[in-house]
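These numbers were taken from a predicted model, which means no experiment stands behind them.
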Amino acid sequence: MTVSLRQPTGVAHTRIYSYGAARGELAVPNDDLVGPIDSSDEWIRQRTGIVTRMRAEPGTDAIDLATEATREAIERSGVDPSDVDLVICATISNPKQTPSVSAIVADRVGANPAAAYDVNAACAGFAYGVAQADALIRAGAAHYAVVVGTEKLSDVVDPTDRSISFLLGDGAGAVVVGPSDTPGIGPTVWGSDGSKSDAVGMNHTLTDFRDGKAPWPTLRQEGPTVFRWAVWEMVKVAREALEAAGVAASDLAAFIPHQANMRIIDEFAKQLKLPETVVVGRDIETTGNTSAASIPLATHRLLEEHPELSGGLALQIGFGAGLVFGAQVIVLP
């Protein structure tokens with residue numbers, strides 16, 4: 001007798017139901033950071049567009065931020081926490097190598113025993129998480145998912161590093177993803193270029209730190225290299241995501257890129273030839289660069305400031321360390 005395995009199938013479509021956000025408790029203006037890098041408030045504003053960034057207090061970690069954002073997203077979604085059976089956390093700042101942030105967050109918000117795992121895709125992590133939640137729900141492996149990007153980058157910054165120290169902030173943004181009668185998450189265009197991995201990332205290993213061969217590892221970057229890659233190569237990815245979704249730039253209600261640098265964001269919008277009707281996320285001005293948290297944080301703020309965007313199309317694109325990238329068009333809740 002031949003035994004046939006059962007293979008699950010899920011729903012045809014998914015969408016994002018809601019957003020939640022948590023920002024660090026401390027607003028840190030440029031003037032507080034310029035001394036160690038021999039710079040000025042004017043220089044930082046001109047180079048990055050940042051006026052202030054949010055950073056967490058010493059007693060707050062990336063898990064705490066993720067928990068707060070996730071609780072808000074679930075409450076706004078109308079989904080019972082016990083019905084969430086998948087939690088994906090994108091982060092590069094888990095205070096421990098293990099256990100995962102996602103498993104702890106799932107327990108804290110009442111989603112235990114949801115499947116839970118962390119994604120390390122740096123600033124593209126949230127886009128990666130949305131892609132996976134969409135695919136897993138449509139495959140029948142989950143019903144409702146939380147995707148959260150969370151970072152406490154102030155733990156991995158060297159205040160004297162002129163390449164990146166003034167850019168970074170702390171925060172978390174979360175979404176609930178679930179079944180939909182119509183398509184709400186477009187195809188994801190994603191990938192990586194590990195040949196340029198030295199352009200942005202950690203400057204030392206934990207084992208070298210342990211063995212006394214190097215100081216505490218911190219983030220650093222080759223600014224010009226990252227800028228050129230982000231502006232020229234990522235615009236191509238954004239265009240591919242629009243084409244894959246079957247929409248044009250003029251169909252968008254919002255454009256929400258990773259909040260890396262205001263100059264990059266502005267050049268992005270210019271290269272994509274976005275009409276003036278498209279609202280562009282510029283959360284970096286007062287939140288800073290929060291890596292995996294930046295896209296959901298920027299979207300959360302846009303929806304608060306522009307509720308009329310609800311139901312419109314948004315293009316989101318993440319890109320960062322390891323030169324990983326991911327982009328998709330979504331329907332805003």
Non-hydrogen atoms of [X] and [Y] that approach each other most closely:
X	Y	value
D118	V101	OD2-N, 2.8 Å
A172	V148	CB-CG2, 4.5 Å
T225	A199	CG2-CB, 3.9 Å
A245	P187	CA-CD, 3.9 Å
S39	I44	OG-CG1, 4.2 Å
T150	C89	CG2-SG, 3.5 Å

- Item | Within residues 242-261 or reaching into it, pairs that qualify as salt bridge (charged side-chain N to carboxylate O under 4.0 Å, His left out) - sequence neighbours excluded |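 Of all non-adjacent pairs touching residues 242-261, none passes salt bridge (charged side-chain N to carboxylate O under 4.0 Å, His left out).
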- According to the salt bridge (charged side-chain N to carboxylate O under 4.0 Å, His left out) rule, which pairs have a member within residues 273-292, sequence neighbours left out?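 Passing the test, one end in residues 273-292: R23-D283, D266-R282, D283-R301.
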Calculate, to the nearest 0.5 Å, the distance between atoms [atom1] and [atom2] belonging to [X] and [Y] respectively.
X	Y	atom1	atom2	result
L167	D161	CG	CG	9.5 Å
L272	S250	CG	OG	12.0 Å
N261	I164	CG	CD1	11.0 Å
W216	D155	CH2	CG	7.5 Å
I104	T67	CD1	OG1	8.0 Å
T52	R45	OG1	CZ	9.5 Å

Check whether [X] reaches the backbone of [Y] with its side chain - one donor and one acceptor, N or O, closer than 3.5 Å.
X	Y	result
Q132	V119	no
E151	G171	no
S192	V324	no
E267	I265	no
T290	S294	yes
R162	I37	yes
T70	A66	yes
S102	I88	no
T60	A56	no

- Taking 4.0 angstrom as the limit, do R108 and D64 come out as a salt bridge? yes
Residues forming a salt bridge (Lys or Arg N to Asp or Glu O under 4.0 Å) with [X], sequence neighbours excluded:
X	value
K236	E233
D158	none
D85	none
E304	R76

For [X], is the [atom1] atom crowded, meaning more than 12 foreign heavy atoms sit under 6.0 Å from it?
X	atom1	result
E25	CD	yes
R263	CZ	yes
Q97	CD	no
D211	CG	yes
E305	CD	yes

- Task: Give the intermediate values and the outcome of side-chain contact (heavy atoms from CB on, under 4.5 Å) for residues L252 and L242.
- Result: CA-CA 9 Å; L252 297 175; L242 289 171; 4.0 Å; yes
Is there a side-chain contact between [X] and [Y], using heavy atoms and a 4.5 Å cut-off?
X	Y	value
I317	M234	yes
T287	Q259	no
L168	R55	yes
P217	N203	yes
Y117	S100	no
C123	S291	yes
V146	V175	no

- Would you tell me whether Q221 and S163 have side-chain atoms, one donor and one acceptor, within less than 3.5 Å of each other?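 No pair is found: no donor N or O on one side chain lies under 3.5 Å from an acceptor on the other.
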- Item | Pair D170-S154, side-chain donor/acceptor within less than 3.5 Å |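 There is such a pair (donor and acceptor under 3.5 Å, judged by atom type) between the side chains of D170 and S154.
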Could you go through residues 26-36 and list every donor-acceptor pair under 3.5 Å that involves a side-chain atom there, pairing it with any protein atom two or more places apart or in another chain?
from: N30; atom 1: OD1; to: R53; atom 2: NH1; distance (Å): 3.0
from: N30; atom 1: OD1; to: R53; atom 2: NH2; distance (Å): 2.8
from: N30; atom 1: ND2; to: D41; atom 2: OD1; distance (Å): 2.9
from: N30; atom 1: ND2; to: I50; atom 2: O; distance (Å): 2.8

List the atom pairs, with distances to 0.1 Å, where a side-chain N or O of residues 326-333 and a protein N or O form a donor-acceptor pair under 3.5 Å, not counting sequence neighbours.
from: Q328; atom 1: OE1; to: Q316; atom 2: NE2; distance (Å): 2.7
from: Q328; atom 1: NE2; to: A127; atom 2: O; distance (Å): 3.3
from: Q328; atom 1: NE2; to: T188; atom 2: OG1; distance (Å): 2.7

- Please name all residues satisfying side-chain hydrogen bond (donor to acceptor under 3.5 Å, both in side chains) with S40, sequence neighbours left out, ordered by chain then number. none
- Applying side-chain hydrogen bond (donor to acceptor under 3.5 Å, both in side chains), name anything that partners T205, two or more places apart in sequence or on another chain.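 So T205 forms a side-chain hydrogen bond (donor to acceptor under 3.5 Å, both in side chains) with T207, D208.
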- Task: Can you run down the side-chain hydrogen bond (donor to acceptor under 3.5 Å, both in side chains) pairs that involve residues 9-21, sequence neighbours left out, and say none if there aren't any?
- Result: T14-D134
- Query: Centres of the W190 and Y128 rings: under 6.0 Å?
  - Reply: yes
- Note on the structure: Quick note, ring-ring contact (aromatic ring centres under 6.0 Å, His included) partners involving residues 264-298, not counting sequence neighbours, are F255-F268, F268-F319
- Item | Trace of the side-chain contact (heavy atoms from CB on, under 4.5 Å) decision for F166 with T48 | CA-CA 9 Å; F166 52 88; T48 70; 3.4 Å; yes
- Apply side-chain contact (heavy atoms from CB on, under 4.5 Å) to the pair V177 and Y144, showing each step before the final yes or no. CA-CA 6 Å; V177 180; Y144 295 98; over 6 Å; no
- Message: Set out, in order, the CA-CA distance, both residues' side-chain angles and the distance that settles side-chain contact (heavy atoms from CB on, under 4.5 Å) for Q271 and R239, then state yes or no.
- Response: CA-CA 10 Å; Q271 293 293 328; R239 289 178 181 140; 4.3 Å; yes
